[in-house]
Engineer: 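Can you read through this structure? Questions will come right after.
Every number for a ligand or one of its atoms is a count from 1 in the order of the listing.
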Amino acid sequence: MALVPEALGKLQAAGLEILVETGAGAGAAIPDAVFSEAGATIVTTDQLYQQADVVLRVARPAAAEVARLRSGQAVVGFLQPLIDPKLAGELAAKGVTAISLDAIPRTLSRAQTMDALSSQANVGGYKAVLIAANEYGRYFPLLTTAAGTARPANVLILGIGVAGLQAIGTARRLGAVVKAYDVRPETREQAESLGAQFVKLKTSIDATGAGGYARELTAEERAAQQAELNEVIAGMDIVITTAQVPGRKPPVLVTADAVKGMKPGSVIVDMAASALGGNCELSKAGETVVTDNAVTIVAPENLPASMPAGASAFYARNISALLLGMVKDGNLSLDLDDEVTKATVIAHDGRVVSEPVAKLLEAAPAAAAGPGGAA
Ligand code: NAD
């Protein structure tokens, strides 16, 4: 859910009137009545699209929702314009202003409260560990009881970004022994500060890329990394993978051979799995697979959605912070010279204003063909 009742106060104080589509909060356990008590007006879907100047949402609008949006209206959410530039083209053609939360300049300190990629990765990293603990038929902590001693689980986290750091902290709090690995050497200190042991490979790889992200590894680097990682993976009970390279297919870090080398009962949670592939060669996005050697591979596609209330509370904070920076006297007022506005406004005044998205559309002109219904 894009807003929670607690987030309404600041928006109302800025002169905004909040309309909530009836039933919109149900999946996050927020009844309409709670939104009403917080001062929102509950409306039907038709009323919402007719009356709203700005539509706040979580994911990209589906075709039927795009059809309802009208000229002069703005839509804000995870629009993923680099993955779906065609949508940006369609919204521009309709005269809709498209504002995408996933285009926030994440390293800008004033944009941190707006960073929904981080807030949702945090939820995902936490939930991935709970799923692993649930699938694992043994204990995470060391337990000494009259009926015997249970040794602690060995957990490996691959990729130490926002999700990986949260996964380390969560697995440690459950009492596991945690190792972690990343191709950016600066993550060593961060992992260690949370109580994980950093896996240092003999082949030293520094794949620090632009903006704090990792670059793609070369074929030689990948082969050297794989051979060493396979040995580490074989000794693990749980492997949680979070490694992504922006705009590219996620790197395979756990090969079919590495899975073969794991003990029966081990669990892999692949957070990078999508239709593009995942960090584990055997992952099937959205499914749980149990291999012949009894290794369970879970590949959830939308972990934040499985913690709807917690994820919505963070997301509401992010989207409100972004919106409040673009509102003057109760109206949307876009200053395209502002760094955050410039990065996040993808379509405005009937054109795609984001340079990277416009370039993608130029490269694939067929994708630019929107419904042609500019109002
Ligand atoms: P991400 O989801 O893009 O990737 C997750 C991790 O996987 C990264 O740490 C990456 O280095 C790692 N990875 C990629 N390829 C790998 C490989 N082949 N083997 C092992 N690991 C691999 O990352 P993210 O969580 O979005 O964070 C990316 C960066 O952005 C981090 O440096 C993070 O600290 C930074 N960040 C900064 C801010 C800020 O400055 N305010 C906010 C959010 C994130």
Engineer: List the closest protein heavy-atom neighbour of atom 10 (C) of ligand 1: residue, atom name, distance to the nearest 0.1 Å.
Structural biologist: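 Nearest protein contact, heavy atoms only, for atom 10 (C) of ligand 1 is Asp182 OD2, 3.5 Å.
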
Engineer: Which residue and atom name correspond to the protein heavy atom nearest atom 41 (N) of ligand 1, and how close is it?
Structural biologist: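 Checked against all protein heavy atoms, atom 41 (N) of ligand 1 sits closest to Gln112 NE2, 2.6 Å.
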
Engineer: Taking a cutoff of less than 4.0 Å between a non-hydrogen atom of the residue and any ligand atom, is Gln225 in contact with ligand 1?
Structural biologist: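 Per 4.0 Å heavy-atom rule, Gln225 contacts ligand 1.
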
Engineer: Would Asp46 and Thr44 count as a side chain to side chain donor-acceptor pair (under 3.5 Å) here? Give the steps.
Structural biologist: CA-CA 5 Å; Asp46 282 342; Thr44 64; 5.3 Å; no

Engineer: Donor-acceptor check, side chain of Thr341 to backbone of Leu334, threshold 3.5 angstrom: yes or no?
Structural biologist: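 No: the side chain of Thr341 does not pair with the backbone of Leu334.
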
Engineer: For residues 273-297, pull every pair meeting side chain to side chain donor-acceptor pair (under 3.5 Å), keeping only residues two or more places apart or in separate chains.
Structural biologist: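 Residue pairs with at least one partner in residues 273-297: Thr241-Asn279, Asp270-Ser283, Thr291-Asn293.
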
Engineer: Does the protein place a non-hydrogen atom closer than 4.0 angstrom to atom 37 (C) of ligand 1?
Structural biologist: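 Not a single protein heavy atom is under 4.0 Å away.
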
Engineer: Could you see which bit of Arg106 sits under 4.0 Å from ligand 1, with heavy atoms only: side chain, backbone, both or neither?
Structural biologist: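 The part of Arg106 near ligand 1 is both the backbone and the side chain.
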
Engineer: Quick one: look up the protein heavy atom nearest atom 2 (O) of ligand 1 and list residue, atom name and how far away it is.
Structural biologist: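 For atom 2 (O) of ligand 1, the nearest protein heavy atom is Gln244 CG, 3.5 Å.
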
Engineer: For atom 16 (C) of ligand 1, what's the nearest protein heavy-atom neighbour? Residue, atom name and distance, please.
Structural biologist: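 For atom 16 (C) of ligand 1, the nearest protein heavy atom is Val183 CG2, 3.6 Å.
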
Engineer: Mark the output for Ala121 as yes if a heavy-atom distance to ligand 1 is under 4.0 Å, and as no if none is.
Structural biologist: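 It does not; every heavy atom stays at 4.0 Å or beyond.
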
Engineer: Does only the side chain of Asp115 get under 4.0 Å from ligand 1, or the backbone, or both, or neither? Count heavy atoms.
Structural biologist: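 Just the side chain.
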
Engineer: Which option, Pro250, Gly161, Ala111, Gly159, owns the non-hydrogen atom nearest atom 27 (O) of ligand 1?
Structural biologist: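 The nearest heavy atom belongs to Gly161.
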
Engineer: Indicate whether any N or O donor in one side chain lies under 3.5 Å from an N or O acceptor in the other, for Ser320 and Lys10.
Structural biologist: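 Note: Ser320 and Lys10 side chains miss the donor-acceptor criterion.
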
Engineer: Would you say the side-chain atoms of Tyr126 and Arg173 include a donor-acceptor pair closer than 3.5 Å?
Structural biologist: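 No, Arg173 and Tyr126 have no side-chain donor paired with an acceptor closer than 3.5 Å.
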
Engineer: If you measure from CG on Leu194 to CD1 on Ile157, what distance do you get to the nearest 0.5 Å?
Structural biologist: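 Leu194 CG to Ile157 CD1: 10.5 Å, rounded to 0.5 Å.
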
Engineer: Measuring from non-hydrogen atoms of Leu117 to any atom of ligand 1, is the shortest distance under 4.0 Å?
Structural biologist: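 In this structure, Leu117 fails to qualify as a contact of ligand 1 - no heavy atom is under 4.0 Å.
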
Engineer: Does the protein come close to atom 34 (O) of ligand 1 - that is, does one of its heavy atoms sit below 4.0 Å from that atom?
Structural biologist: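 For atom 34 (O) of ligand 1 the answer is no, since every protein heavy atom stays at 4.0 Å or beyond.
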
Engineer: Do any heavy atoms of Thr107 fall under 4.0 Å from ligand 1?
Structural biologist: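 Yes.
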
Engineer: Got a second to check how far Ser266's OG is from Ile238's CD1, nearest 0.5 Å?
Structural biologist: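 With rounding to 0.5 Å, OG (Ser266) is 7.5 Å from CD1 (Ile238).
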
Engineer: Between the side chains of Asp257 and Thr255, is a donor N or O closer than 3.5 angstrom to an acceptor N or O?
Structural biologist: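 Asp257 vs Thr255: no donor-acceptor pair found between side chains.
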
Engineer: Which is it for Ala243 and ligand 1 at heavy atoms under 4.0 Å: side chain, backbone, both or neither?
Structural biologist: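 Ala243 to ligand 1: contacts from backbone and side chain alike.
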
Engineer: With nothing but distance in play, are any N or O atoms of Arg184 less than 3.5 Å from an N or O of ligand 1?
Structural biologist: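 N/O-N/O distance under 3.5 Å: yes.
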
